[in-house]
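The chains referred to below are lettered A, B, ... by the order of the sequence lines, with proteins before strands, and numbering in each begins at 1. Only a predicted model underlies this, so the values are computations on that prediction, with no experimental measurement involved. No hydrogens, no waters, no symmetry mates; every other heavy atom, side chains included, goes into these values.
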Number of protein chains: 2
Amino acid sequence: MARNKRHLEPKVKKEEIELVAMALLKEKGYDNTSMAEIARSAGVAANTIYWYFENKDHVLIAVLNRVVSHAMEEVITQREQPLRTRVLKLIAQVESSGSLMTDVHARVRHSPKVQAWHDQFHGMVEQLAVAELVNAGVGPDEAQLDAKLLIYVIEGLLAHPHKLQEREQIIDQALKRIFA
Amino acid sequence: MARNKRHLEPKVKKEEIELVAMALLKEKGYDNTSMAEIARSAGVAANTIYWYFENKDHVLIAVLNRVVSHAMEEVITQREQPLRTRVLKLIAQVESSGSLMTDVHARVRHSPKVQAWHDQFHGMVEQLAVAELVNAGVGPDEAQLDAKLLIYVIEGLLAHPHKLQEREQIIDQALKRIFA
DNA sequence: ACCTGAACACCGTTCAAGT
DNA sequence: ACCTGAACACCGTTCAAGT
C-alpha cells in the first residue's frame, strides 16, 4: 500500500500535526502522549511524524513556539493594564497550557535542543520582566535581580496548584516586597 | 535455577537496593535510570526489585526520604549559623542530589504516591521556613506568604543553573526585599 | 519469605520500500 | 517529496515457578 491519505494539502500536514500535538500535550503532558497517539489523531502513520520532525522533542519545541507566540499576543493586548493584572493574566494563560512548562524543565536534561529553547525563552522573559520593573520605578541594577525573583515566584505558582485567591495574595506580596 | 544469590543478608538487600538507586538517580536522574540498571548494580534480577517496592516511583520515594533525612541532619548541624548561610548551604546540599527535585515535580502528575510525598514535603519545608522568618522578625501573617516567596526562589535556583556568585546575589536580594 | 527467567504491552525511532 | 508497514531495542511490570 503506502498510499498518501491526502495528496490534497501538501504543506498543511505539518501544521495539522502541530495543532494535534499541541492539544494532546496540553491536555495529557509529554510523557503521557505517545507519538503513535499524535499520529493517529493527525491521521498519519506513526513514523510519518519523523519526516517533519527530528524526534519527539522537536515536536515539543514546535508546540512551545505556538503556545508562546500566542501568549505574547495576549500580553500585547493587555498593554495598558497595571502590572499586577498582567502578571495574573499571564499566569492564568500559561496555566491553561497544562504541564507544558514542567515538561520543558524535565526534558531540558534529555535534549540539548529543548535546553537551548528553554535558555533562550528564559532570556526573553527576563528581558521583558526587567523592562517592566524599570518602567515601574525599580533601579536598573536591582531590576535584574528582582526580575529573577518575580519569575521564580511565577514559576513556583505554575508548578504548584493554588487557589485563585492564594495566588493573588502571593503575587501581591511579591510585588509589595519588590516595590517597598 | 532461581537461586538466591545471597541467603546471607536477608534484610540488608532492600537497603542495598535503595543505596544503589540513590547513587544512580542522583547521578543520572529518574528517566535515565532503568529498573534493570538498578537491579544489575544491586546484584539482583530486574524483577526482584518488585518484591521490595511496588514500582519505580516507590523506589524514588525511598530515595527521596533518604536524601531528605540526610539533608535535615545537615540543617540541624548549622543551627547557630545566620539565615543566609543556612539557605545557601541548603541549596548546595540539595543541588548535590542532582535533578532529583525536578524529577519529583515531573513524576507528581504520574503517581499519586509521589504527589502525596511532594505535598507533605512542601508542607514541612513551609513550616520550617515560616518558623525561620518569624524568628528573624517577620510578622506572623506575612511570614506565611514570604515563606512561599523564599521557597519558590530557592526552587528556581535549584531548577536553573547559576554561578555561585549569582546565586548568592539572588538570595541576598530576596532576603533584602523580605526584610526591608 | 525471597528470588528468578520468561514473557507482555508499550514506547521512540529506523529503514527499506512504495508513490 | 512525502508516506508507509514492519522491525528494532528498550522499558516498566507481571506471572508462574523455583527454593
Inset, instruction - Please determine if a side-chain N or O atom of A:Lys11 lies less than 4.0 Å away from the OP1 or OP2 oxygen of D:dC2. - result: no
Inset, instruction - For D:dC3, take OP1 and OP2 only and decide whether either is under 4.0 Å from a side-chain N or O of A:Lys13. - result: yes
Inset, instruction - Could you check which nucleotide pairs with D:dC8 in any of the strands shown, counting Watson-Crick or G-U wobble with both distances under 3.5 Å? - result: C:dG12
Legend entry - Mate of D:dT19 where both pairing distances stay under 3.5 Å, Watson-Crick or G-U: C:dA1
Inset, instruction - Kindly assign one of parallel, tilted or perpendicular to the pair B:Tyr152 and A:His160, based on the angle between their ring planes and the thresholds 30° and 60°. - result: parallel
Inset, instruction - For the residue pair A:Phe121 and A:Trp117, categorise the inter-ring angle as parallel (less than 30°), tilted (30 to 60°) or perpendicular (more than 60°). - result: parallel
Using atom [atom1] of [X] as one end and atom [atom2] of [N] as the other, report the distance to the nearest whole Å.
{"X": "B:Ile17", "N": "C:dC2", "atom1": "CD1", "atom2": "P", "answer": "11 Å"}
{"X": "B:Tyr50", "N": "C:dC8", "atom1": "OH", "atom2": "P", "answer": "17 Å"}
{"X": "A:Tyr30", "N": "C:dG12", "atom1": "OH", "atom2": "P", "answer": "8 Å"}
{"X": "B:Phe53", "N": "D:dG12", "atom1": "CZ", "atom2": "P", "answer": "15 Å"}
{"X": "B:His58", "N": "D:dT13", "atom1": "NE2", "atom2": "C1'", "answer": "13 Å"}
{"X": "A:Trp51", "N": "C:dA17", "atom1": "CH2", "atom2": "P", "answer": "20 Å"}
{"X": "B:Glu37", "N": "D:dG12", "atom1": "CD", "atom2": "C1'", "answer": "14 Å"}
{"X": "B:Ile49", "N": "C:dC2", "atom1": "CD1", "atom2": "P", "answer": "16 Å"}

Legend entry - From D:dT13, D:dT4, D:dC11, nucleotide with atom closest to A:Thr48 side chain: D:dT4
Legend entry - Closest to the A:Tyr52 side chain, choosing from C:dT4, D:dC11, D:dC3: D:dC3
Inset, instruction - Hey, could you give me the CG/CG distance between B:Leu88 and B:Asp172, rounded to the nearest 0.5 Å? - result: 7.0 Å
Legend entry - B:Ser111 OG to B:Leu60 CG distance, which is reported to the nearest 0.5 Å: 8.5 Å
Legend entry - Ring centroid separation B:Tyr52 to B:His58 under 6.0 Å: no
